[in-house]
Amino acid sequence: MTQYANAVTQYENGTALGGRIIREGGLVVFPTETVYGLGANGLDSEAVLGIFRAKGRPADNPLILHIAKKSELKRLWSHVPDKAQTLADAFWPGPLTMVFKRSSIVPDEVTAGLDTVAVRLPGNKTARALIKEAGVPIAAPSANLSGKPSPTTAEHVRQDMDGRVELIIDGGPCRYGLESTVVSLVGKPAILRPGAVTKEMLEAVIGPVEVAHAVLSPLREGETAASPGMKYRHYAPDAEVVVAEGSEREIAAKICREYDIRESMGQTPLIFATEQTQPFYRNRRCVIIGDRSEPATLCASLFYSLREYGSRADVILAEALPNDDMGLAYMNRLLRSAGFNII
Ligand code: AMP
Ligand code: MG
């Protein structure tokens, strides 16, 4: 495969070049509405192995196949269950990934040997244009080194992937800032990873949806993860992360106390404040990362802020949100970035 210059291109002309690179077996980073993806030809085992090498990703963590037309589903799955069709019609293109029994054209490297495969039709136009140009499903995990927070800007991609991929397509900041909702349709519908398509939104369309235990808890001894990605330390910035739980006032009081203790130990703490709580922190170091009454704003800036400020503090003190709607996706990522370090 030709080594291309590691150029960052604007999306207008990036997708034609990107499509060619994918067809030739190379790696292309592209924007989606969730986070940036690290893509390769999803039907080519060798190309897919390149993704695992570039990220340092454990081989038993499967990838999502990205398609540009709903009709592709029936090529990738053994068949398309009614509920999947209903969800596709309701939420595609968009930040929803569905897991079901795979067909024989899907390589083992994509599914990490599982008999199921995850598929998504992204909402981002550049992503869809790239998939169309490539003419194949694109296997893509988030474009970060394994264990780091997912990148939501091309600059954050560059920090991890410069020199490891053939092309980075710059599509500006990602709209949602967190990875897609992953829902399994093998058996009772279950959320394996929460995202911008919430439990409430899914249930309005297909009825009851379970939430996998590992979404808000570390795996129990001997428990196997329904979604293999759940078992790894995830989204960890350079700094330690501590999460404060309780009412708004309790959270603020806990954070102020922890801040002062850490400072007296000679550490540099930084508070991820919100519009509502910022006044409580007075002259302590803080950045406002969103509005507690609109969890989507916190979701959109969590990974960005972890990457941006993670190297400028010893400890980040962050606020818990209630676990409903997009608060569930927020807490799933925040608790993992904190290694479940809760006060
Ligand atoms: P990433 O691409 O980094 O967003 O990670 C993809 C996520 O989807 C990981 O958490 C995987 O464990 C999950 N995933 C992908 N394929 C499957 C599958 N066949 N069954 C269950 N989870 C999956
Ligand atoms: Mg990831």
Side-chain angles (χ1 to χ4, degrees), residues 27 29-40 42 48 51-52 54-67 73 76-78 84 95-103 106-120 122 124 127 137-152 156-157 160-161 174 176-197 210-216 219 223-237 299 302-303 306-307 329 332-333 335-337:
L27 300 178
V29 175
F30 60 100
T32 83
E33 72 276 26
T34 58
V35 301
Y36 275 79
L38 169 55
V48 167
I51 294 177
F52 286 88
K55 279 184 65 99
R57 182 174 176 104
D60 65 350
N61 193 2
L63 307 178
I64 295 170
L65 288 180
H66 294 74
I67 58 176
L73 257 189
L76 303 174
W77 282 355
S78 62
L96 177 69
T97 296
M98 296 192 286
V99 172
F100 194 66
K101 302 272 177 205
R102 66 191 254 199
S103 74
V106 179
D108 285 343
E109 287 75 9
V110 169
T111 69
L114 297 175
D115 61 356
T116 54
V117 67
V119 184
R120 177 160 95 93
N124 181 291
I138 296 184
S142 49
N144 50 283
L145 291 174
S146 198
K148 296 278 167 208
S150 305
T152 58
H156 286 175
V157 170
D160 282 13
M161 288 299 149
C174 301
Y176 295 109
L178 294 182
E179 304 87 347
S180 58
T181 305
V182 178
V183 59
S184 170
L185 296 164
V186 182
K188 286 187 195 153
I191 292 175
L192 306 183
R193 177 177 73 185
V197 175
E210 296 177 349
V211 177
H213 160 260
V215 163
L216 288 178
L219 282 180
E223 185 181 10
T224 50
S227 181
M230 291 290 190
K231 69 180 181 222
Y232 297 106
R233 176 93 205 273
H234 243 141
Y235 318 126
C299 291
L302 178 65
F303 286 154
L306 287 172
R307 294 194 74 113
N332 169 264
R333 307 313 193 279
L335 288 172
R336 279 183 168 66
S337 72

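Numbers for residues simply follow the sequence, beginning at 1. We count ligands from 1, going down the list as the structure has it; atoms in each ligand are counted the same way.
Among Arg57, Lys148, Arg307, the one residue that satisfies the salt bridge (Lys or Arg N to Asp or Glu O under 4.0 Å) test with Asp160 is Arg307.
Residues satisfying the salt bridge (Lys or Arg N to Asp or Glu O under 4.0 Å) criterion with Glu109, sequence neighbours excluded, are absent altogether. Annotation: side-chain contact (heavy atoms from CB on, under 4.5 Å) contacts of Ala190 (sequence neighbours excluded): Glu210. For Phe100, the ring-ring contact (aromatic ring centres under 6.0 Å, His included) partners two or more places apart in sequence, or in a different chain, are Trp77, His79.
For ligand 1 and Leu114, the ligand atoms under 4.0 Å from any heavy atom of the residue are 18 (C), 19 (N), 20 (N). Atoms of ligand 1 found under 4.0 Å from any heavy atom of Val99 (numbered from 1 in listed order, with element): 18 (C), 19 (N), 20 (N). Interface of Arg193 with ligand 1, defined as ligand atoms under 4.0 Å from a residue heavy atom, comprises 1 (P), 4 (O), 5 (O), 6 (C), 7 (C). Contact atoms of ligand 1 toward Ala118: 15 (C), 16 (N), 17 (C) (distance under 4.0 Å to a heavy atom of the residue). With ligand atoms numbered from 1 in the order given, ligand 1 contributes 18 (C), 19 (N), 20 (N) to contacts under 4.0 Å with heavy atoms of Thr116. Distances below 4.0 Å separate heavy atoms of Leu192 from the following atoms of ligand 1: 21 (C), 22 (N). Listed by atom number, the atoms of ligand 1 under 4.0 Å from Leu63 heavy atoms are 15 (C), 16 (N).
Residue contacts with ligand 1 for Asn61 involve side-chain atoms from C-beta outward but no N, CA, C or O (heavy atoms, distance under 4.0 Å). Contacts of Ala140 with ligand 1, taken as heavy-atom pairs under 4.0 Å, involve the backbone alone.
Salt bridge status for Glu179 with Arg120: absent, with no side-chain N to carboxylate O gap under 4.0 Å.
For the pair Lys101 and Asp115, the minimum side-chain heavy-atom distance is below 4.5 Å. With a 4.5 Å cut-off on side-chain heavy atoms, Arg102 and Thr116 do not count as touching. Taking the side chain as every heavy atom from C-beta outward, Arg193 and Val215 never approach each other to under 4.5 Å.
At least one heavy atom of Arg57 sits closer than 4.0 Å to an atom of ligand 1.
The N/O atoms of Ser142, backbone and side chain alike, include one that comes under 3.5 Å of an N/O atom in ligand 1. Not a single N or O atom of Glu179, backbone or side chain, sits closer than 3.5 Å to an N or O atom of ligand 1.
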Cys174/Thr34 under side chain to side chain contact (heavy atoms under 4.5 Å, CB included): CA gap, chis, key distance, verdict: CA-CA 6 Å; Cys174 301; Thr34 58; over 6 Å; no
Residues Lys55, Ser142; criterion side chain to side chain contact (heavy atoms under 4.5 Å, CB included); working and verdict: CA-CA 9 Å; Lys55 279 184 65 99; Ser142 49; 3.4 Å; yes
Verdict with supporting geometry, Tyr235 and Phe303, ring-ring contact (aromatic ring centres under 6.0 Å, His included): CA-CA 8 Å; Tyr235 318 126; Phe303 286 154; 4.9 Å; yes
Residue pair Val99, Val182: steps toward the side chain to side chain contact (heavy atoms under 4.5 Å, CB included) verdict: CA-CA 7 Å; Val99 172; Val182 178; 3.7 Å; yes
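Counting only protein atoms, the N, O or S atoms lying less than 2.8 Å from the Mg ion (ligand 2) are Ser142 OG, ordered by chain and residue number.
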